[in-house]
Undergrad: 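I'd like to ask you about the structure that follows.
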Amino acid sequence: MTMTNEANAPIVSARDLTKDFTLGGSLLERTTMRALNAVSFDLYSGEALAIVGESGSGKSTSARILSQVHEASSGEVTYRGQPMHELIAQGGKRGFASRVQMIFQDPFGSLNPVHRIFYQIARPLQIHGKVRGKAALRARVIELLETVGLTPAAETADKFPYELSGGQRQRVAIARALAVEPDVILADEPISMLDVSIRLGILNLMMDLKDQHDIAFMYITHDIATARYFAERTAVMYVGHMVEWGNSDAVTQNPQHPYTQLLLAAVPQPGAQKHRDMSQYQHKADIPMWQPESTGCPFAQRCPHARAECSTRLPEVTRIAKDHFVRCYLYE
Amino acid sequence: APSKGGTLTVPVIATAFTKSFNPYIDNLNVVGGMIFETLAFTNVMQGETSLRLAEGYEYAEDYRSITYTLREDLTWSDGKPLTADDVVYTFELAREVPVYDLAGVLASGLVTEVTRVSDREIRFDLAKPDSTVHWDLNRYMPLPRHVWEQASDPATFTNPEAIGSGPVTEIEYVRPQQMEICRNPHYYQEDRPYLNCVRYRAFNDNSQIQPALMNGEIDWGSNFIADVEKTYVAADPENHHYWYPANDAIHLYLNTRQAPFDDLAFRQAVSVALDREAIVDLAAYGYPTANFFPGGIGDYYADYMDESLMEEYGWLTQYDPDRARQLLDEAGYQDVDGDGQRELPDGSELSFDIQVVNGWTDWVQTVLMITEYLQDVGIEANVNAVEWGVYDQSLKEGDYQAAINWSLLSTHPIQTFKEYYHTSRVGQTWHAGHGVHSERVDELIEDFGSLTDADAKQDTLDQLQRFTAEKLPFVPLFSNATWFQYNTSEFVGWPNAEDPYVHPVFYSTGNNTLIFNHLHKK
Amino acid sequence: MAIQAFQPATDEDTGELLEIRHLCVDYVSPKGMVRAVNDVSLSIRPGETLGLAGESGCGKSTLAFSIARLHKAPALISEGEIRYRGRDVLSMNKRTLRQFRWNEVSVVFQSAMNSLNPVITIGEQITDVILAHCKVRKKEAWRQGEELLQTVGLHASRMDSFPHQLSGGMRQRVVIAIALALRPRLIIMDEPTTALDVVVEREIMDELYQLKDRFGFSILFISHDLSLMGEIADRIGIMYAGKLVELGSADEVFYHPQHPYTRGLLNSFPTIHGPRERLYGIPGNPLNLLEAPEGCYFQDRCERCFSPCRTHDPEMIPVSSTHRAACHELAERTAG
Amino acid sequence: MTDTSLPIASSRKTPMVPSRLRQLLRNIAAFFQGNMSASIGGGVMALVIVACLIGPFFTAHAPDERVARPHVEPNAEHVLGTTRQGRDVFSQLLHGGRASLSVAFIAGAISTVISILVGISAGYFGGRIDQWLNFAMNVVLVFPQLPLLIVLAAFLGQVGPVVIALLIGITSWPWGARVVRSQTMAIRQKEFILAAECMGESRLRIVLVEILPNLISIVAGSFVGVVMYALINEAGLEFLGLGDPTVVTWGTMLYWAQSSAALYTGGWWEMIVPAVTIALVGGAMALINMSIDQVSNPKLKTGPHIKRWRKLNRIIQAKRQRGAS
Amino acid sequence: MRYITSRFLFYFVAFLIAISFNFLLPRIMPGDPVDALFAGSAGQLDPSQMDAIRAMYGFSEGPLWSQYLQYVKSVFTGDLGPSVLMYPTDVTTVLGFTFPWTLFLIGLGVTTAIILGLILGTIAAYKRGNWFASLFPPMAAVLSSMPAVVTALLVFYLFGLKLQWFPMSYAADPSLAPAWTAEYLGSVARHAVLPLLVIVLVSLAQWVMTMRNAMINVLGEDIITMAEAKGLSQSRIMLRYASRNAVLPVVTSVAMGLGFAVAGQIFIEIVFNYPGVGNTLLKAINARDYPLVQALLLLIVAFVLIGNFIADLTYLWLDPRLRK
Ligand SMILES: Nc1ncnc2c1ncn2[C@@H]1O[C@H](COP(=O)(O)OP(=O)(O)OP(=O)(O)O)[C@@H](O)[C@H]1O
Ligand SMILES: Nc1ncnc2c1ncn2[C@@H]1O[C@H](COP(=O)(O)OP(=O)(O)OP(=O)(O)O)[C@@H](O)[C@H]1O
Ligand SMILES: [Mg+2]
Ligand SMILES: [Mg+2]
């Protein structure tokens, strides 16, 4: 049940990731929620995997597991075939951090307001010993700022974050991730907080980085159109499950899973007729909270094609095209 | 005859009043003398004995017993007869319950037996001949046996009905902030008291009594108030008066077992370095009287002072900084390192602490001034204001360098000297920690009780005074004032400088009875 | 419903529901005056949906708030006119204003979580607007409230719920129900669905349109999502740095954009079904209103900027009877 | 590449360090600029601190020596009069200010250090540590402090200024800790902390370099708060006679004034001078604290621009009303 | 419900901690009540008598833990033994006639201060930019930063001693018998004026500032804009929408507020000789009356804890988000 890309081996691959969170602080009432359930995917160098899904579907959680902010409850992540825990045992978290970096959603929150831009980019260089000497450090910072198009770089370096616009800040965040020269960049909704007119600039920048530096990207978004625009492959998540994934065009042009279909139907399109018949999906049920003991397909309650078995057992992954997978009984 | 009626208002520093009228558990000093009387009362100011419940008392020839005779037809305030039985019962209680043994005559074994001789006569048998035991016996207040017998535990019995023998016994009301007690219908003295009631009002401290006094809310104040002339008298010069006769003598006690106080010359230098008038004026607000008598007693006992002492030792209390410097220089206390402070003769540092109780502000001020005067003659001294507990312990154990303290004030100066010098008092009292004692002095004190002759008694006192002036184990400072303010807008008959019929202390049993019975409406 | 009728002024009735003329709104900030809405003129006809798009900070909300005179310190409507059915909104006294609000114009705010009071029940928040404007009893108001909830697809028992007990989509529906309570002629919607998922957004928009068909109100729809706008609006206005730079029917703006900024915006949205090609968006950064330049505000980001752009403020130039845009290039073209 | 960028680097390097200092000064200047209450508060504080620091070198009289008659009215020789003990009130005020302010600042420092340690640990580490620390914090918080202080001070016996400072310092940290904790928790959620973690920063560095600088205004606020609180309570304790009366402080000045019944005997200055000074300094700190609040929550700030807005709004409104009628 | 239980448990544990602290206090501190009794009587007592008294009070013997259990039991049964200061009156009796006055004064004072603070704070928030709103908060802050004792002394001096507008001490004229008569109640009211004035002066700013700040925050929120847009009346917006929400942070700050109020109360009672807990506490401390000190401390702690608990309940009532 892997997404195969026959040409080369994945750089990061996640297998059956499961993540449980305990909710409620009190000792008396504790519930466990399963934020991720049996999620597997691969990242390839020079390629982007987009993860789309509604809020709370576990997109960020999977990225955070990859970046070691959270630990998976079960399942395994390998980096170039080597299990993550081995990697950390060898090189420590720092060594790991030098390979996988993260870009966050909020350019206003991801830069520490008290430090200058120079510091923000210099730190990863220092931590990972990328340069020696102050002069080299400065030169490298400037170079990085230029790479992300923040010119004049020398002036930008001496500014504080509040002196920059949202788009500029997001570029700084990208430069900071680039500083450690990672192989993998996890971008968690990197443009959702940006103005429409500059979103594309950032997407294009990441696209160039991906192509020029051969970086593997994981691109998290709830905007399926940008997913298709930026990423070679797209995965759709629903309530902690990956329900459909594969080649971006295949997923967006030929959605198979009922949830993907719903999602795509909902995307606004100029000139489309004003009323679309969505009634089959409406008011059926709320989005469930997944718990370790829950069974079946998470979409069962809302699914217009739901069958009895849908609520008893999680469907297996079906490969419906060369690079197109779906987790649904309709295709088993 | 003086007109009758009226209610006297008296301030009491108290948290709250409760129905507690046991004269032996009387923290607020509102029971003794007012609700209960003693057999007799020694009026020191007049040098006479005022007979109260007793008609008289008499020592046996050999001074091995004393017999008191009660007045005729005495009754308790509830109308029951007050007899020798009650007196005997009281002393029996005192033997069992230590708080009742006010003057410790039973605990010390001085009184061996208390016997009812007749309905009105009680005999006290003594362990050894003693002509002064009546001072002590006069402090006990007979209790109504029929009431106390009802109590389950005499140690905590409150006598809630206030059945007693004093001038006021009828409770009008008791509220936390005020209580009012009225005339005893069965009081033994005809026509007395003239007043109807006494009203006690609770205050936090003197600073609150002051405005109340100024406002005329209080008839009889016994409290320190600042600048009495400007505040109290000025508020109503017609009716607001005060009279501050001398009270106990305050000294600077020096620990003669330590350097530099082991050196008499040093002690003398300390004494002459002090300007007592100024201290009294500034630190003590001018009310006490400076004590220039080096013999260990103050103006309160002026009658007992050996005036001849002044010729020889009078210089000791005269402010003379030059003489102090000279004394110090001669004794080798010199400023060798040039820091303005003298050093000990061996060259080591000279500096000492003077202990004082934190919160006793006039004393703290006094000590502050003392350090200033000592500084003038090159002696470094520091104020050490400590909690009472610490002060109490270090004074009793003689574990201090210097300390300001009072002296015992009782019926007779011999008691004061006993507190200073008798070796049995070392470790027991605050006054005996200075370290100056001698067998001869012990003997003098012990034998005093057996002396019957007035001259012999005075001779003992003279010797003790001379001993004090010679040794100077403490430096006399001043005689405390007796705080006494009175308001004549409603009541007259107060003691004052013109008519000093008794020492005007409200919280002292006997003194208060005498004054209260004197007062009447204008 | 016993709503007091709002009297239209008869003399100046132009047939437009709402007419805004040369509106300027300033913010008095410590660093100086910021003109957040700059000389904007537009009108809304009965029953139509006017979309207003533009990026963050271009003055959309400020404009919307000014219409209901909800602007607060330090906002200042310094110039211009707002006429609602011929009556001057800006000179209304307090009482008329209160009647005007919600009876005639209601507002749906950006995010439902922030505009519903968390400590008051849904029921009270619906009924209090009915009680404030109509002479009805509490019971009757409550009944109407329940009806309203059902209109937007919620169960009547939700009246007793508190906002935190509802999901984001449900809350947004409640807000819409409140907006409909008095059957206003105009509903201003300030980014009503940006905080929601696409699926929920879709549901709500569909419902909104059913309601619009039923009640026939006009909508001023504010969003920065041009795709959504293209789908629902009859006419679209594009704002940049406080100015209205283009206004036209949805199709005109979408398929024949005249202002370079509009073109750039349209170029910033990848589509799901169109060709997958590189898009270029708009270079540069949004304008800081405190440092507004001479001439066209878009000059720094415009690839086709030429000399008049640096000196003169472009006027709105009609392209067709329904389509206007403010660009010197356009002026050149129409002139030439 | 290194070659070409070197000159830029070195030319930039020199101003880097002083510019940070300049930045700080600029921030401080910005804090006071246009902020009336901050300027007044800061001005009074600065004046009092400077006066207490250097003043005692210039006073003509020793604070603890009798230099004149009791209760001499303020005159040229004794500008604030003398006490009942004939001491110069002015020099007592300056000398006492040293002690009082030291107590206040020491207490503030102790409490601030504790509250930072506790608050950041609880907020950053979370989980068990947070539960326990938060519990401790809340317990100390709900305990009424002053009665506790009074009892402790009384039972420890005559307590000098240093002990009072310690007592206040170690009992008044929870409020600050609570604010620091909640702020740390908020910052901890911020993505720049996650970013630092992802980058492999050490925890210590995250706490010290990434979190702490963001707490400056809150820490400053709680510091000023405790300083004020300490000043007030020191005076209170000493007024009750629980302090060391031989040390000259503003509190003992009040104590002596009260015990010599200065108000009754007409020596009002002995009481009023320390009372007003304490009130003045307390008030100044309250003003500073108010302004710090405005920094952490700019919404609270009322600048002159609001006044301007009011004026303009009134003019425009009047014009419209005229136009309408 | 869970919220209430957990809060209650918290306060209970806090109270147990207070009890333990109380228990340890006299055992770790120097000084002896009987010595202090002597200090109080300034030399009137004979040392031999003191030993007797000491024996009479008899600190209970036995291992510490059994003493502790004994103590905990006595706290919960209310049998705290006799006071030293007012021997042989029971501590419980002393609490009985002091606590009601404190409760009355502090309850009335804090309520007045809170209500006034809320009103003034609301005005200060609403009228931002006008002279009242810009001058009042700093003025109140300055007033409140005066030590309670200073304020109390000045008020005492000015209105009590100099102007004689109101009585200077006691909770009521001590010559009047407590009764529900107009005369007595009037006297209580007149005696309460100055202490109340001080309480309000001292604590007002805190409430004003919290309310003002909370109000400013709330006023900036969309809920208010929405309420205004709905055409609701100004008063309804103020009372139902703004104040209701703004009052929440005010309720949270009760912990600190009560602590300060209690602190101020102690000074006020001392200066005005108000027969309450604070006044008694100081005397008990000076007398080293441990049983009384402990009881008073515990009472104060319990009072503050209960006040906080009530605040929690109020919060729960005001904020439905916590009800679960
Ligand atoms: N630290 C945590 N503790 C408890 N629950 C968590 C935690 N982090 C995430 N969750 C829960 O896990 C689920 C998945 O969260 P996640 O952040 O991965 O969603 P997402 O798809 O990224 O959503 P969004 O688009 O809103 O960012 C959510 O229901 C969230 O509430
Ligand atoms: N209170 C204020 N003080 C000063 N300037 C303000 C204030 N509120 C808004 N502005 C400025 O006014 C301009 C317009 O703001 P407005 O909220 O109308 O933008 P918007 O188009 O609604 O943006 P968004 O899409 O983010 O909601 C912005 O540039 C903003 O900086
Ligand atoms: Mg996420
Ligand atoms: Mg907006």
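Proteins get letters first, then strands, A, B, ... in listed order; numbering begins at 1 in each. In this text, all values refer to a predicted model and were calculated from it rather than measured experimentally.
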Undergrad: With rounding to the nearest 0.5 Å, note down the distance linking CD in D/Q258 to CG in E/L153.
TA: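 It comes to 5.0 Å.
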Undergrad: State, yes or no, whether a side-chain contact exists between D/V139 and E/F10 at a heavy-atom distance under 4.5 Å.
TA: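 They are in side-chain contact.
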Undergrad: Under 4.5 Å from any heavy atom of chain D, what part of E/M209 do you find: side chain, backbone, both or neither?
TA: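 Contact with chain D involves the side chain of E/M209 alone.
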Undergrad: From D/L146 CG over to E/I266 CD1, what is the distance, rounded to the nearest 0.5 angstrom?
TA: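 D/L146 atom CG to E/I266 atom CD1 measures 5.0 Å (nearest 0.5 Å).
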Undergrad: Which atom names give the shortest non-hydrogen contact between D/F135 and E/I17, and what distance separates them?
TA: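 Of all heavy-atom pairs spanning D/F135 and E/I17, the closest is CE2-CD1, 4.1 Å.
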Undergrad: Select one option (side chain, backbone, both, neither) describing which atoms of E/L154 are under 4.5 Å from chain D's heavy atoms.
TA: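 Contact with chain D: side chain only.
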Undergrad: At what distance, to the nearest 0.5 angstrom, does CZ of E/F267 lie from CD1 of D/I232?
TA: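 If we round to the nearest 0.5 Å, E/F267:CZ and D/I232:CD1 are 10.0 Å apart.
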Undergrad: Against chain D, work out which of E/N213, E/I300, E/V13, E/L143 has the most heavy-atom pairs shorter than 4.5 Å and name it.
TA: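 Ranked by contacts with chain D, first place is E/N213.
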Undergrad: At a heavy-atom distance under 4.5 Å, which candidate from D/I278, D/I40, D/L280, D/L240 has the highest pair count against chain E?
TA: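 Counting heavy-atom pairs under 4.5 Å, the top option is D/L240.
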Undergrad: Heavy-atom pairs under 4.5 Å with chain E are the metric here; pick the option from D/G283, D/G241, D/G41, D/A284 that has the most.
TA: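 It is D/G283.
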Undergrad: Hey, what do you get for CD1 (E/I270) to CZ (D/F239), rounding to the nearest 0.5 Å?
TA: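 If I round to the nearest 0.5 Å, the distance is 7.5 Å.
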Undergrad: Under a 4.5 Å cutoff for heavy-atom pairs, which residue among D/P147, D/P274, D/A275 has the most contacts with chain E?
TA: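 Heavy-atom pairs under 4.5 Å are most numerous for D/P147.
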Undergrad: Heavy-atom pairs under 4.5 Å with chain D are the metric here; pick the option from E/A263, E/A205, E/G259 that has the most.
TA: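 When all of E/A263, E/A205, E/G259 are compared, E/A263 has the most.
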Undergrad: List the atom of E/L297, the atom of D/L148, and the distance in Å for their closest heavy-atom pair.
TA: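 Shortest heavy-atom contact: CD2-N, 4.4 Å.
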Undergrad: Looking at chain E, which one of D/A279, D/A235, D/P174 has the largest number of heavy-atom pairs inside 4.5 Å, strictly under?
TA: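 The residue among D/A279, D/A235, D/P174 with the greatest pair count is D/A279.
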Undergrad: Please rank E/V262, E/N217, E/V293 by heavy-atom pairs under 4.5 Å with chain D and give me the top one.
TA: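 Option with the greatest count: E/N217.
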Undergrad: Is E/N308 in contact with chain D via its backbone, its side chain, both, or neither, using a 4.5 Å heavy-atom distance?
TA: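 E/N308 touches chain D through side-chain heavy atoms alone.
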Undergrad: Could you tell me the separation between the CG atom of E/L282 and the CG atom of D/L242, rounded to the nearest 0.5 Å?
TA: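 Separation between the atoms: 6.5 Å.
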Undergrad: Which answer fits D/L254, side chain, backbone, both or neither, if we ask what part of it has an atom under 4.5 Å from a heavy atom of chain E?
TA: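 The answer is the side chain of D/L254.
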Undergrad: So which of E/V304, E/L305, E/L219 has the biggest tally of heavy-atom pairs under 4.5 Å with chain D?
TA: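 It is E/V304.
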Undergrad: Nearest 0.5 angstrom please: D/N138 CG to E/R7 CZ, how far?
TA: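 Here the interatomic distance stands at 6.0 Å.
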Undergrad: Could you tell me which portion of E/F303 (side chain, backbone, both or neither) has an atom closer than 4.5 angstrom to a non-hydrogen atom of chain D?
TA: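 Answer is neither: E/F303 stays 4.5 Å or more from chain D.
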Undergrad: Is there a side-chain contact between E/F156 and D/L263 (heavy atoms, below 4.5 Å)?
TA: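 When only atoms from C-beta onward are counted, D/L263 and E/F156 do not touch, as no gap falls below 4.5 Å.
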Undergrad: Which region of E/V301, side chain (C-beta onward) or backbone (N, CA, C, O), has a non-hydrogen atom less than 4.5 Å from a non-hydrogen atom of chain D, or is it both or neither?
TA: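 Contact with chain D involves both backbone and side-chain atoms of E/V301.
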